[in-house]
Amino acid sequence: MIGGGIHFMKYLKKSDPHIAKLIVAETKRQQETLDLIPSENIVSSAVREALGSALTNKYSEGYPNKRYYAGNAVIDDIELLAQERAKKVFRLGSEWSVNVQALSGSPANMAVYFALLKPGDTLLGMSRPFGGHLTHGDAVNFSGQIFKSVLYTVAHDGYLDYGEVHKLAKQHKPKLIVAGASAYSRIIDFEKFAKIAHEVGAYLLVDMSHISGLVVAGVHPSPFPHADVVMTTTHKTLRGPRGALIFSRNDKMIASRTKEGKEISITRAIDSAVFPGLQGGPHDNQTAAIAVALGEAMKPAFRVYGKQIVKNAKALAKNLQKLGFKIISGGTDNHLMLIDMTPLGMSGREAQDKLESVGIIVNRNTIPYDTRSAFDPSGIRIGTPSLTTRGMKEKEMALIAGFLHATVQGESIGTLKKQVLALCRKFPV
Ligand code: DSN
């Protein structure tokens, strides 16, 4: 059965069969392939119902109890509940506030930068080809164009080099240090980042988008004891709809942008940067869906889920290594890993295409010190959040490692495709 039961897209199928057909095709693709892209996940039907609800019809510029349009009493309750749950999930005290309106991770980071920095200020972030994110100061992104970005890398062993971060911070005196990654498989030591930030008088932003579900589950150290601002997207290991949360310390002050430059909390500065600085009306259906996902993340089952993501990633890495794959840094502590495909005689792009032909979905990725381009890099990035949501465990990771190996060895595409499909059917979305 495709999608959500007999009523699935009852109206859409009638009113716009073309789009309905495409949605069915994509749903089928998701059901019949193994998704190893570590930033993707599968949301619950409850999250999807909230996303598809009447809340999409409302405009609610402003914040709870301070809206510009009438008719927002219910929306206020929803946004306040989302905030309350976000703080509960990460066990935060009254010194933390949270903004739930940013539309996704990049606009959320942009809001943080616009709140804390002025154009031309220096920020220190992780270099994208070494595992960082575009918005952490990359030259092709606003973050590397509006601000002076200085980028740290990882050492040749694939681990973060905190000595290098310290050296660059002392040399460039950034106003903001960004800790967080999108292709780094090891624990990030937020305490070390905070020490460096304090020494040079920088704010510390932790972008925990990739690992926030692991933080909830207690399988990655929490950034909250150390950071001034913590941003997470809601759709990765946290398993919610697309969106973002910006947590900030409401007891830390900054000069406002007004002529008088009076001191305001960084929370207020971030709220103003989100609205009216960068966005108009929030997506209230998305806010409700985030609240639903946070409600799910509060349940004991989510902790089990987060732990299993890491167990599965470790099992996958071990099995792949046994089969001769070269995993960057020699393994993983979290939900993902990078594989250097060049010893197997292919680029990341070739590997991505071959794997897709048998129904295994990965993304090509640069590896540290890559000599190839981002468009045709040396590696692939794989992870386990989505497979774990489907209920797969260590046994299936061994099977999947075997599929990856057989595929890159050039075994029969038809046979492998059938085996992948059989596994997908055993663990339906
Ligand atoms: N595109 C996301 C990822 O794959 O990590 C980050 O924005």
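We count residues from 1, following the sequence as given. Order of appearance sets the numbers: ligands from 1, and atoms from 1 within every ligand.
- Of the protein's heavy atoms, His133 NE2, 2.7 Å lies nearest to atom 7 (O) of ligand 1.
- Summary of contacts: the protein heavy atom closest to atom 1 (N) of ligand 1 is Ser39 OG, 4.6 Å.
- Looking only at distances, no side-chain donor or acceptor of Gln101 sits under 3.5 Å from a matching main-chain atom of Val274.
- How far CE of Met231 is from OG1 of Thr135: 6.5 Å, rounded to the nearest 0.5 Å.
- Under the salt bridge (Lys or Arg N to Asp or Glu O under 4.0 Å) criterion, Lys393 pairs with no residue, sequence neighbours left out.
- Side chain of Tyr152 to main chain of Leu160: no donor-acceptor pair is present (N/O by atom type, distance under 3.5 Å, no hydrogens or angles).
- Below 4.0 Å from some heavy atom of Ser182 lie the following atoms of ligand 1, by number and element: 5 (O).
- For atom 5 (O) of ligand 1, the closest non-hydrogen atom on the protein side is His210 NE2, 2.7 Å.
- Proximity of Arg381 to ligand 1 is established by a heavy-atom distance of less than 4.0 Å.
- For the pair Arg239 and Phe302, the cation does not sit on the ring face, since its NZ or CZ is not both under 6.0 Å from the ring centre and inside 45° of the axis.
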